[in-house]
Amino acid sequence: MASLHRWPVKSLRGQRVRAARFDERGMAGDRAHVLLDGRPERSGNVLTVRQNPDMLSWSASCGDDPDPDAPPVLRSPAGAELPWRDPQLPAVLAESLEIPLSLRTADGQQDRGPTVLVTFEESLRALGAELGAEVDLARFRTNLHLRTGLPAFAEERWEPGTVLRAGAVRFEVVGEHAGPCIRCAVPSWDAFGGQRWPQLQKHLIDEHENKFGVIVRVTRAGEVTEGDEVEVEPG
């Protein structure tokens, strides 16, 4: 096991955690909160980095609880901390991001339903070697980042039925949206939204069919902790 990452608010920076609960929701507490666009032409749509890269100047944390019940605390670019339930938070966010917005909480608000994104250290290092520059893992907003000893980019060929075990949890390439992850433009932004690296996405498109990482679903629930053993069973 390399690391676990939770993103409590969609498109805000997240947190690295020591342990996490995985079940029918995906990763507990992951993307369980969103910002909603308040502009008339997009009213009620979920805000993402694609509409407002400045979202990456904010971060969110639920602490170290593997299955957090409390909503996150957000940190502003200036370092101020505001709880999700703070009645002033929507106005502060709206002023910072220069867009009218509201907040929504929905347990299991993952991007593609109750899925888990897995990336691999071997592939991350190989991608950096191909590009001639280090690639920050945070660009890919992964949940599980693993060292497996598999060849770099082996996950690009994972078929339905492939099983990944981490600790007591069983993940599988099964169901809608599962399989190699087709990337959007978000990884081309640095982790703080300050600069864009278009060559990264162009390279993924040209050399890797725009794939990086793999999307899986939980087929046996449990808790994963950093340091747990990892096994892969091809489909």
Side-chain angles (χ1 to χ4, degrees), residues 1-7 9-16 26-27 30-31 46-57 59 109-164 166 171-217 230 232 234-235:
M1 173 69 64
S3 55
L4 298 110
H5 304 263
R6 181 163 59 215
W7 312 87
V9 181
K10 181 175 171 62
S11 279
L12 270 55
R13 297 199 320 277
Q15 60 177 141
R16 182 170 175 172
M27 184 186 207
D30 185 59
R31 295 172 175 87
V46 174
L47 272 175
T48 73
V49 174
R50 290 186 288 276
Q51 288 86 46
N52 195 317
D54 288 342
M55 294 176 74
L56 291 171
S57 66
S59 64
Q109 186 64 45
Q110 283 81 355
D111 291 311
R112 297 175 175 87
T115 58
V116 175
L117 177 60
V118 184
T119 54
F120 300 85
E121 179 66 13
E122 295 85 355
S123 299
L124 184 69
R125 289 182 177 273
L127 181 62
E130 291 176 354
L131 288 161
E134 185 176 354
V135 181
D136 185 356
L137 174 65
R139 291 176 177 271
F140 297 104
R141 306 181 72 82
T142 188
N143 297 126
L144 285 173
H145 185 62
L146 305 177
R147 295 185 183 94
T148 63
L150 293 172
F153 308 116
E155 66 276 10
E156 292 180 4
R157 299 178 294 278
W158 280 18
E159 299 287 342
T162 299
V163 171
L164 171 68
F171 305 90
E172 187 173 351
V173 178
V174 62
E176 188 179 8
H177 302 303
C181 183
I182 305 299
R183 308 306 312 206
C184 64
V186 171
S188 65
W189 289 98
D190 71 60
F192 290 83
Q195 293 184 335
R196 198 164 187 184
W197 188 13
Q199 180 60 25
L200 173 58
Q201 187 175 31
K202 183 178 186 302
H203 181 82
L204 288 175
I205 291 170
D206 292 345
E207 303 297 330
H208 297 282
E209 299 179 319
N210 204 22
K211 299 173 182 175
F212 191 82
V214 64
I215 296 169
V216 297
R217 288 179 181 262
V230 176
V232 177

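Everything quoted here is computed from the prediction, not taken from an experiment. Every heavy atom of this structure was used, including side-chain atoms; hydrogens, water molecules and symmetry mates were not.
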### Summary
Residues L117 and R141: closest non-hydrogen pair is CD2-O, 3.6 Å
### Query
Taking only residues two or more places apart in sequence or in another chain, which ones pass ring pair (Phe, Tyr, Trp, His ring centres under 6.0 Å) with H203?
H208
#### Entry: Side-chain H-bond candidate by donor/acceptor type, H5 with Q15, under 3.5 Å
no
### Residue pair W158, F171: steps toward the ring pair (Phe, Tyr, Trp, His ring centres under 6.0 Å) verdict
CA-CA 13 Å; W158 280 18; F171 305 90; over 10 Å; no
### Message
Go through it in stages, so that I can follow the logic: the residues are L4 and M27, the test is side chain to side chain contact (heavy atoms under 4.5 Å, CB included), and I'd like the CA-CA distance, side-chain angles, deciding distance and then a yes or no.
### Response
CA-CA 10 Å; L4 298 110; M27 184 186 207; 4.2 Å; yes
### Message
So which atom in R196 and which in A185 form the shortest heavy-atom distance, rounded to 0.1 Å?
### Response
NH2-CB, 3.1 Å
### Distance in Å, T142 OG1 paired with L124 CG, rounded so as to fall on 0.5 Å steps
10.0 Å
### Task
Check whether any side-chain N or O of E122 sits under 3.5 Å from a backbone N or O of G149 as a donor-acceptor pair, and report yes or no.
yes
### Query
Of all heavy-atom pairs between V46 and Q51, which one has the smallest distance, and what is that distance?
O-OE1, 3.6 Å
### Query
So which heavy atom on G161 is nearest to which on E172, and how close?
CA-OE2, 3.6 Å
### Message
I need the minimum non-hydrogen distance between F153 and S123, along with the two atoms involved.
### Response
N-OG, 2.7 Å
### Query
Within the side chain of E134, is there an N or O that forms a donor-acceptor pair under 3.5 Å with the backbone of G128?
no
### Query
Is it true that the side chains of E159 and T162 contain a donor and an acceptor less than 3.5 Å apart?
no
### Message
Using modelled atom types and a 3.5 Å cut-off, is there a donor and acceptor pairing between side-chain atoms of R157 and backbone atoms of P180?
### Response
no
### Message
Between S11 and V49 (side chain of the first, backbone of the second, donor and acceptor by atom type, cut-off under 3.5 Å), is there such a pair?
### Response
yes
### Query
Is any side-chain heavy atom of V232 closer than 4.5 Å to a side-chain heavy atom of V163?
no
### Task
Check whether any side-chain N or O of N210 sits under 3.5 Å from a backbone N or O of I182 as a donor-acceptor pair, and report yes or no.
no
### Task
Find out whether R217 and E176 are in side-chain contact, i.e. whether some heavy atom of one side chain is under 4.5 Å from a heavy atom of the other.
yes
### Task
Report the distance from atom CD of E156 to atom SG of C181, rounding to the nearest 0.5 Å.
11.5 Å
### Task
Determine the minimum heavy-atom distance between A138 and W7, stating which atoms define it.
O-CH2, 4.0 Å
### Task
Applying side-chain contact (heavy atoms from CB on, under 4.5 Å) between Q199 and each of L131, L204, D206, report the one that passes.
L131
### Message
To the nearest 0.5 Å, what is the distance between CG on L164 and CD on E155?
### Response
11.0 Å
### Query
Quick one: CG on N143 to CG on D30, what's the gap to the nearest 0.5 Å?
4.5 Å
#### Entry: Exam field: side chain S59 to backbone R13, donor-acceptor pair closer than 3.5 Å
no
### Query
Passes side chain to side chain contact (heavy atoms under 4.5 Å, CB included), L137 versus S3? Steps please.
CA-CA 11 Å; L137 174 65; S3 55; 4.3 Å; yes
#### Entry: Exam field: side chain R183 to backbone G213, donor-acceptor pair closer than 3.5 Å
no
### Query
From S57 OG over to F192 CZ, what is the distance, rounded to the nearest 0.5 angstrom?
10.0 Å
### Task
Supply the atom-to-atom distance L200 CG to D136 CG, rounded to the nearest 0.5 angstrom.
10.5 Å
### Query
Taking only residues two or more places apart in sequence, or in another chain, which ones meet W189 in a ring pair (Phe, Tyr, Trp, His ring centres under 6.0 Å)?
none
### Query
If only atom types and distance count, is the side chain of Q201 paired as donor or acceptor with the main-chain N or O of P198 below 3.5 Å?
no
### Task
Give a yes or no on whether the backbone of W197 and the side-chain of S188 come within a donor-acceptor separation of less than 3.5 Å.
no
